[in-house]
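Side chains are part of it too, since the values below use all heavy atoms of this structure and drop only hydrogens, waters and symmetry mates.
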Amino acid sequence: QVQLIESGGGLVQTGGSLRLSCAASGRAFSSDAMGWFRQAPGKEREFVAAISYGGGITYYADFVKGRFTISRDNAKSTVWLQMKSLTPEDTALYLCVGGSGRQASALRREYDYWGQGTQVTVSS
């Protein structure tokens with residue numbers, strides 16, 4: 001059974017930075033595409049970023065606008081989301097996802113397993 005454990009969320013002021021981590025276990029991590037989604041209270045869950053199984057291809061939501069960077073280390077079975085220039089609109093529960101599709105995708109249906117999430121709160 002695949003398990004994803006997110007960490008690194010917290011409270012930060014507008015303009016600040018956070019680095020989210022997602023540690024995977026129970027599966028051949030290096031064969032899977034990984035990504036991040038987020039969900040704010042009262043809003044739909046939305047795609048944030050994704051990375052292909054080898055790390056060579058990344059894909060971002062438009063609202064990221066160069067502020068976020070997704071990366072991975074297959075030897076450590078870990079994926080990160082570096083976030084900078086945060087605004088209150090980035091406040092959400094951030095969820096790590098993984099899928100056997102291998103390629104970076106913004107589609108929820110491409111991901112087979114999800115973490116429980118880590119909360120990011122940006123104060124104004």
Side-chain angles (χ1 to χ4, degrees):
Q1 185 173 353
V2 179
Q3 187 173 24
L4 299 176
I5 304 296
E6 302 98 331
S7 61
L11 175 63
V12 65
Q13 292 185 333
T14 296
S17 299
L18 283 174
R19 189 191 195 204
L20 307 184
S21 299
C22 173
S25 63
R27 182 174 174 85
F29 176 84
S30 61
S31 298
D32 291 353
M34 301 296 295
W36 292 90
F37 282 71
R38 72 184 188 183
Q39 187 163 19
K43 293 187 177 180
E44 293 283 325
R45 189 169 292 184
E46 62 181 352
F47 168 74
V48 176
I51 189 167
S52 61
Y53 71 103
I57 298 173
T58 57
Y59 184 38
Y60 296 95
D62 289 343
F63 63 77
V64 168
K65 297 179 182 178
R67 301 182 297 129
F68 296 1
T69 302
I70 189 171
S71 60
R72 68 188 295 164
D73 184 334
N74 287 345
K76 296 180 179 180
S77 296
T78 301
V79 61
W80 296 276
L81 184 68
Q82 177 69 52
M83 306 185 295
K84 63 180 182 180
S85 302
L86 289 164
T87 73
E89 288 69 37
D90 295 313
T91 294
L93 182 69
Y94 283 71
L95 302 113
C96 180
V97 298
S100 58
R102 300 168 72 89
Q103 301 305 320
S105 173
L107 301 176
R108 292 176 60 176
R109 66 173 182 263
E110 295 293 327
Y111 297 100
D112 306 307
Y113 47 97
W114 295 65
Q116 294 298 308
T118 184
Q119 178 67 37
V120 172
T121 303
V122 185
S123 63
S124 58

Could you please spell out the steps behind the ring pair (Phe, Tyr, Trp, His ring centres under 6.0 Å) verdict for Phe68 and Trp36?
CA-CA 11 Å; Phe68 296 1; Trp36 292 90; over 10 Å; no
Test log, rule side chain to side chain contact (heavy atoms under 4.5 Å, CB included), inputs Asp90 and Arg38
CA-CA 9 Å; Asp90 295 313; Arg38 72 184 188 183; 2.9 Å; yes
Working for side chain to side chain contact (heavy atoms under 4.5 Å, CB included), residues Phe47 and Leu107:
CA-CA 8 Å; Phe47 168 74; Leu107 301 176; over 6 Å; no
Closest heavy-atom pair, Arg67 versus Thr87, reported as atoms and distance to 0.1 Å, is NH1-N, 4.3 Å
So CZ of Phe63 and CD of Glu46: to nearest 0.5 Å the spacing works out to 4.0 Å
Students often mix this up, so state it plainly: with edges at 30° and 60°, are the rings of Phe37 and Tyr111 parallel, tilted or perpendicular?
perpendicular
Interatomic distance, Leu93 atom CG to Lys43 atom NZ [nearest 0.5 angstrom]:
14.0 Å
In terms of heavy-atom contacts, does OH of Tyr59 have more than 12 from other residues, nucleotides or ligands at under 6.0 Å?
no
Return the minimal non-hydrogen interatomic distance between Gly9 and Leu20, and the atom names on each side.
N-CD2, 3.6 Å
Do Val79 and Tyr94 belong to the same hydrophobic cluster, where Ile, Leu, Val, Met, Phe, Trp and Tyr are linked whenever their side-chain heavy atoms lie under 4.5 Å apart, directly or via other members?
yes
Any chance you could measure Ile51, atom CD1, to Asp32, atom CG, to the nearest 0.5 Å?
13.0 Å
How long is the straight-line distance from OG of Ser21 back to CZ of Arg19, given to the nearest 0.5 Å?
5.5 Å
Tyr53 atom OH: more than 12 heavy-atom contacts under 6.0 Å:
no
Please report the closest heavy-atom contact between Leu95 and Gly115, naming both atoms and the distance.
CD2-O, 3.5 Å
Test item: Val12 and Met83 side chains (from C-beta on) under 4.5 Å apart, heavy atoms
no
Give the minimum heavy-atom separation between Ala92 and Gln119, together with the two atoms involved.
O-NE2, 3.4 Å
Say whether, by atom type as modelled, one donor and one acceptor occur between the side chain of Thr14 and the main chain of Ser123 under 3.5 angstrom.
yes
Looking only at non-hydrogen atoms, find the nearest pair between Leu86 and Leu18 and report the distance.
CD1-N, 4.0 Å
Looking at Thr91 and Val122, would you say the former's side chain and the latter's main chain have a donor-acceptor pair under 3.5 Å?
yes
If you take all heavy atoms of Glu6 and Gln116, which pair is closest and at what distance?
OE1-N, 3.3 Å
Side chain to side chain contact (heavy atoms under 4.5 Å, CB included) assessment of Arg102 paired with Ser52:
CA-CA 6 Å; Arg102 300 168 72 89; Ser52 61; over 6 Å; no
I would like to know whether Met34 and Leu4 meet side chain to side chain contact (heavy atoms under 4.5 Å, CB included); could you show each step before the answer?
CA-CA 11 Å; Met34 301 296 295; Leu4 299 176; 3.9 Å; yes
Got a second to check how far Cys22's SG is from Arg72's CZ, nearest 0.5 Å?
10.0 Å
Between Phe29 and Val2, is any pair of side-chain heavy atoms under 4.5 Å apart?
no
How long is the straight-line distance from OG of Ser25 back to CD1 of Ile5, given to the nearest 0.5 Å?
7.0 Å
